[in-house]
There are 2 protein chains.
Amino acid sequence: MEPVFKALADPVRRAILDSLFCKGGQRLNDLIEGHGMSRQAVSNHLRILEEANLVAVVWKGREKLHYLNPVPIHEIATRWIAKFQTGQLEALSNFKQSLESQEKPNHE
Amino acid sequence: MEPVFKALADPVRRAILDSLFCKGGQRLNDLIEGHGMSRQAVSNHLRILEEANLVAVVWKGREKLHYLNPVPIHEIATRWIAKFQTGQLEALSNFKQSLESQEKPNHE
DNA sequence: TTATTATGCAACCATTTGATTGCATATTGC
DNA sequence: GCAATATGCAATCAAATGGTTGCATAATAA
């Protein structure tokens, strides 16, 4: 889970995921276009995405085809974010309670 | 949105969010316990969480009370993650298609 | 075979990040 | 007022990050 959060923290990597979402099976050279950076820079980002299992690769001869793997994102959504969603009312309740008592502090 | 992703990338900050989810209104000194780091280190993390609007604060005298704000997490879920969820079948389709044609490359 | 294409690996560098320490400010309680 | 408490600000430093360049390897194409 940790590598997924780290991988998603970079806007270039999120853009790569967007690109792979729209069109799967792109090669490294395909993904370079539109990011204004060197091949190695994009390659490094792809490595981080692969290590987080966000991108799956298929070698076809000398070409490395990249595909978005949506599973880790789904897990973030269900295992981590969902927790805060269900508790949303409770958290807001905590917050509002404090606002109400804000004007008379230390009234014990 | 960018500051939210950055803020969520650090495990200490996610632990702080967990703690505030369980118990809202904690002070800085409360949040220090259990992380094994200095007050300033926790304070820096809290600043990043505040800048990402993930944590709301209420001053009460000399005490700064911290509350989880679940809204940015909800926005990540609906505006960013949801996109990949709806396209999950399509992404998997892309991936499987490539696996099927993997054994006979360059057959055009 | 030879040139071209697609990619990986390694070294290097600048910037950012995460943490610590020391000092300053403001509020509370005696 | 004065000590203790709660926090912020600034300087410093090590480590991680993001990028570039140069060279190496492997597969395709002429």
Side-chain angles (χ1 to χ4, degrees), chain A residues 2-17 19-20 23-52 54-67 98 101-108, chain B residues 2-17 19-20 25-52 54-67 98 101-108:
Chain A
E2 173 74 7
V4 180
F5 276 107
K6 293 269 190 193
L8 294 181
D10 188 283
V12 175
R13 290 195 285 269
R14 292 199 303 277
I16 290 176
L17 292 182
S19 180
L20 290 178
K23 188 180 174 194
Q26 295 186 69
R27 305 166 307 153
L28 169 58
N29 275 327
D30 299 326
L31 290 165
I32 292 173
E33 300 168 13
H35 294 292
M37 33 200 313
S38 73
R39 178 176 61 85
Q40 269 312 315
V42 177
S43 178
N44 286 335
H45 285 302
L46 282 172
R47 181 180 45 77
I48 291 172
L49 289 169
E50 290 170 38
E51 286 171 1
L54 283 161
V55 164
V57 301
V58 176
W59 279 95
K60 193 176 262 185
R62 68 181 165 185
E63 291 181 339
K64 189 186 186 184
L65 307 183
H66 298 77
Y67 294 87
S98 95
S101 61
Q102 191 180 1
E103 301 170 39
K104 33 179 190 172
N106 277 358
H107 47 70
E108 70 272 356
Chain B
E2 172 75 7
V4 180
F5 276 107
K6 294 269 190 192
L8 294 181
D10 189 283
V12 176
R13 290 194 285 269
R14 292 199 303 276
I16 290 176
L17 292 181
S19 181
L20 291 178
Q26 295 186 70
R27 304 166 306 153
L28 169 58
N29 275 327
D30 299 327
L31 290 165
I32 291 173
E33 298 169 14
H35 293 294
M37 32 198 314
S38 72
R39 179 176 60 85
Q40 268 312 313
V42 178
S43 179
N44 285 335
H45 284 302
L46 282 172
R47 183 180 45 77
I48 292 172
L49 289 169
E50 289 170 39
E51 286 171 2
L54 283 161
V55 164
V57 301
V58 175
W59 278 95
K60 192 176 263 185
R62 66 181 167 186
E63 291 181 339
K64 189 185 186 185
L65 307 182
H66 297 77
Y67 293 87
S98 97
S101 61
Q102 191 180 2
E103 301 171 38
K104 35 178 188 171
N106 277 357
H107 48 70
E108 71 271 354

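A note on names: the letters A, B, ... follow the listed sequences, proteins ahead of strands, and every chain is numbered from 1.
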For B:Leu28 and C:dT27, give me the distance from atom CG to atom C1', rounded to whole Å. 15 Å

Criterion side chain to side chain contact (heavy atoms under 4.5 Å, CB included) on A:Ile48 and A:Asp10, from CA distance to verdict: CA-CA 10 Å; A:Ile48 291 172; A:Asp10 188 283; over 6 Å; no

Figure out the CD/C1' separation between A:Gln26 and C:dT7, and round it to whole Å. 16 Å

Separation of D:dT20 C1' from A:Ile32 CD1 (nearest whole Å): 13 Å

In whole angstroms, the gap separating C1' of C:dT16 from CZ of B:Arg47 amounts to 12 Å

Below 4.0 angstrom from OP1 or OP2 of D:dA6, is there any side-chain N or O of B:Lys60? no

When you measure from the side chain of B:Arg13 to the backbone of B:Ala7, do you find a donor-acceptor pair of N or O atoms at a distance under 3.5 Å? yes

When the distance from CD1 of A:Ile48 to C1' of C:dC9 is rounded to whole Å, what number comes out? 15 Å

Can you tell if the side chain of B:Leu54 reaches within under 4.5 Å of the side chain of B:Leu8, non-hydrogen atoms only? yes

What is the distance, rounded to the nearest whole Å, between atom CG of A:Leu49 and atom P of D:dG18? 11 Å

Whole-Å gap separating P (C:dT7) and CD (A:Glu63): 6 Å

Can you tell which of A:Val55, A:Ile16, A:Leu49, A:Asp30 makes a side chain to side chain contact (heavy atoms under 4.5 Å, CB included) with A:His66? A:Val55

Measuring only between side-chain heavy atoms, which start at C-beta, is B:Gln40 closer than 4.5 Å to B:Asn44? yes

Nearest listed nucleotide, side chain of B:Lys64, among D:dG8, C:dG8, D:dG18: D:dG8

The nucleotide from D:dG18, C:dT7, D:dT7 with an atom nearest the side chain of A:Asp10 is D:dG18

What is the distance, rounded to the nearest whole Å, between atom CD1 of A:Ile16 and atom P of D:dG19? 9 Å

Pair A:Glu50 + A:Lys64, salt bridge at N-O below 4.0 Å: yes

Assess whether a salt bridge exists between A:Arg14 and B:Glu2, defined as any Lys/Arg side-chain N lying under 4.0 Å from an Asp/Glu carboxylate O. yes

Select from A:Lys6 and A:Arg62 the residue whose nearest nucleotide in DNA chain C is closer to the 5' end of that strand. A:Arg62

Sorted by number, the residues of residues 35-45 of chain B with heavy-atom contact under 4.0 Å to DNA chain C: B:Met37, B:Ser38, B:Gln40, B:Ala41, B:Asn44, B:His45

